[in-house]
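As a basis for the values below, the full set of heavy atoms in this structure was taken, side chains included, without hydrogen atoms, waters or symmetry mates. Residue indices begin at 1 and follow the sequence shown. Computed from a predicted structure; not experimentally measured.
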Amino acid sequence: MSFPLLTATAALPALGAIATAAVPAARRVAAKWLALLISLATLVLAAVVVVRFEPGGDRYQLTESHSWIADFGVRYELGVDGIGVALVALTALLIPFVILAGWHDADPHETGSSRWRPTQGFFALILAVEAMVIISFEATDVFLFYIFFEAMLIPMYFLIGGFGDRAHEHGDAVAATQRSYAAVKFLLYNLAGGLIMLAAVIGLYVVAGNFSLQEIAEARANGSLDMATSTERWLFLGFFFAFAVKAPLWPLHTWLPNAMGEATAPVAVLITAVVDKVGTFAMLRFCLQLFPEASKWATPVILVLALISIIYGALLAVGQRDIKRLVAYASISHFGFIILGIFAMTSQGQSGATLYMVNHGISTAALMLVAGFLISRRGSRLIADYGGVQKVAPVLAGTFLIGGLATLSLPGLAPFVSEFLVLVGTFSRYPAIGIIATFGIVLAALYTLVLYQRTMTGPVKSEVSEMPDLRVRELLVVAPLIALLIFLGVYPKPLTDIVNPAVQQTMSDVHKKDPKPEVEAAK
């Protein structure tokens, strides 16, 4: 029996979460180091997954299958395609940086709180989220996926509500109330989507007789499972609604600015760079593969919603006065690009969307974590409370600028490649939508450069005149992310080689081919 590599990749952080939570309260530092070492070991396992994956091989590789709840046709089935491999690697890569960046976020003496905060619990919850996200990217049994799709809400709820941002303009009492509100709103929105999905999962079982993604997809492809048009559309809507909430897609997005604004910067990265990617990933894996005809039927409406997300999120980002909420609305705009690429139904669009998931995760992590370091020094999230930071903390300002330039998809940085592919893929099939979506890039340049100008340039405000530059621990967080943004911006081939075969298979699932370019006949 071969080593269950995929199970180990998810089980290690799960066991690490239990071990970290069990560390005695007096050993806070030991709990931190244990969590960091577990996350690094998980990264090593994820690297092995990437190395062992063969892009030109079977669609799902490193598969595991065991009977679980036999009476209901539920199996413990895991497998990864190129898209899943890329996102497992992204998750495992970001968690060590999240842990390092949040090294002091649960320490009472660092936060200024007299209330005891369980440091062990903070890091244990981060590892628990990592385990659940990784197994969501690996699950090929629909019911198994659903369990962890919902279960990850529990640790995220406590991370938002119990370990929220202490830099609040209205004081601790109001901050605690707003953190609770943000956590409850996050939970209710995602639970509502999950309950609708549960009804669709049950409906799928009634129609197909099992929960195996591969078996159902094969039955759909060879015609042995004939699903009525109305049934397929209702089931698609049930799945898509849950994924659109998680993504988040307009108008189901309103929980995200609250959650990211009230969470600590590392937890905000966990939300938008890791957890939210499960929603867009699931659109590719489940919606398109299980319900190809319904996906094409819903495409016009979804493209319009994605377009609204792009423009609406960018416009609201321009008007923000809170740094973290600005990044949150920018993420809504970016998720609009990802969903646009998925449902453009072109290989360039879907490759771009997958690359966007990875590149957005890295760029948002870089920008938000540097913003978190900035906020922790000043004790304020308001843009107006800063000015002239680049004169007193040039390294902090420089890394903040690179993270911002990546967010606006500057050529030479990783997000440019993915955004370009999304727009090219969309324009080749839906030129009007592609043209309008381009305005999102203009707005991204506006909110990013205005943010940098107001916080980093100009006269040095007295409150930031003594601000220290990035420390060694903070440089260890930021420098690798900046290096990755540059490397993947210049040479994205290692990532595209893994992703493209899976995208071609997804295109085959929905029976779509790329539009042929219209070339004027030679005279």
Side-chain angles (χ1 to χ4, degrees), residues 5-6 9 46-65 77-93 133-142 145 212-218 220-221 239 243 247 277-292 295-296 299 337-362 414 417-418 421-422 424-426 488 492-514:
L5 182 57
L6 297 185
T9 309
V48 175
V49 171
V50 173
V51 170
R52 290 190 56 186
F53 183 81
E54 299 177 6
D58 295 336
R59 179 169 191 172
Y60 293 105
Q61 300 179 32
L62 307 174
T63 55
E64 302 172 30
S65 182
E77 286 190 347
L78 304 180
V80 284
D81 60 0
I83 299 168
V85 165
L87 294 174
V88 167
L90 172 70
T91 303
L93 173 71
V133 170
I134 286 176
I135 203 166
S136 296
F137 292 141
E138 297 173 345
T140 56
D141 182 277
V142 177
F145 169 84
S212 173
L213 171 67
Q214 296 182 70
E215 290 182 15
I216 297 173
E218 288 173 6
R220 295 300 315 273
F239 277 78
F243 304 151
K277 298 300 187 298
V278 178
T280 46
F281 162 80
M283 291 179 189
L284 276 167
R285 170 165 282 190
F286 295 99
C287 287
L288 269 60
Q289 193 170 344
L290 293 175
F291 315 110
S295 297
K296 290 186 284 188
T299 287
F337 276 109
I338 294 171
I339 296 170
L340 188 70
I342 292 171
F343 285 91
M345 301 293 184
T346 60
S347 59
Q348 299 99 326
Q350 292 188 358
S351 292
T354 305
L355 293 178
Y356 216 132
M357 291 186 231
V358 176
N359 295 334
H360 172 263
I362 299 170
V417 179
S418 43
L421 285 173
V422 166
V424 167
T426 303
L488 292 176
K493 188 175 183 296
L495 195 53
T496 57
D497 284 348
I498 292 175
V499 165
N500 286 343
V503 167
Q504 293 299 330
Q505 290 164 332
T506 303
M507 289 285 291
S508 177
D509 291 334
V510 292
H511 310 293
K512 281 282 190 178
K513 295 182 179 179
D514 290 328

Output all residues satisfying side-chain hydrogen bond (donor to acceptor under 3.5 Å, both in side chains) with S347, sequence neighbours left out; order by chain, then residue number.
D514
Is there a donor-acceptor contact under 3.5 Å from the side chain of [X] to the main chain of [Y]?
X: Q61; Y: D58; result: yes
X: T506; Y: A502; result: yes
X: S418; Y: A353; result: no
X: T280; Y: K277; result: yes
X: Q350; Y: I342; result: yes

Pairs under 3.5 angstrom only: tabulate donor-acceptor contacts from the side chains of residues 79-92 to other protein residues two or more places apart or in another chain.
{"residue": "D81", "atom": "OD1", "partner": "I83", "partner atom": "N", "Å": "3.3"}
{"residue": "D81", "atom": "OD1", "partner": "G84", "partner atom": "N", "Å": "2.9"}
{"residue": "D81", "atom": "OD1", "partner": "R285", "partner atom": "NH2", "Å": "3.4"}
{"residue": "T91", "atom": "OG1", "partner": "L87", "partner atom": "O", "Å": "2.9"}

Would you say that [X] contacts [Y] through its side chain, given a criterion of any heavy-atom pair below 4.5 Å between the two side chains?
X: D141; Y: L213; value: no
X: L78; Y: T140; value: no
X: E77; Y: E138; value: no
X: L5; Y: V48; value: yes
X: I362; Y: L488; value: yes
X: L284; Y: M357; value: yes

Of all heavy-atom pairs between [X] and [Y], which one has the smallest distance, and what is that distance?
X: G425; Y: Q348; answer: CA-CB, 3.9 Å
X: V278; Y: S136; answer: CG1-CB, 4.2 Å
X: M283; Y: F343; answer: SD-CE1, 4.0 Å

Under 30°, 30 to 60°, or over 60°: which ring-plane class applies to Y356 and F337, parallel, tilted or perpendicular?
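It falls in the parallel class, under 30°.
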Look at the rings of F145 and F286 and say which category their plane angle falls in: under 30° parallel, 30 to 60° tilted, over 60° perpendicular.
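Correct class here is tilted.
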Quick one: list whatever passes side chain to side chain contact (heavy atoms under 4.5 Å, CB included) with E215, sequence neighbours left out.
N210, S212
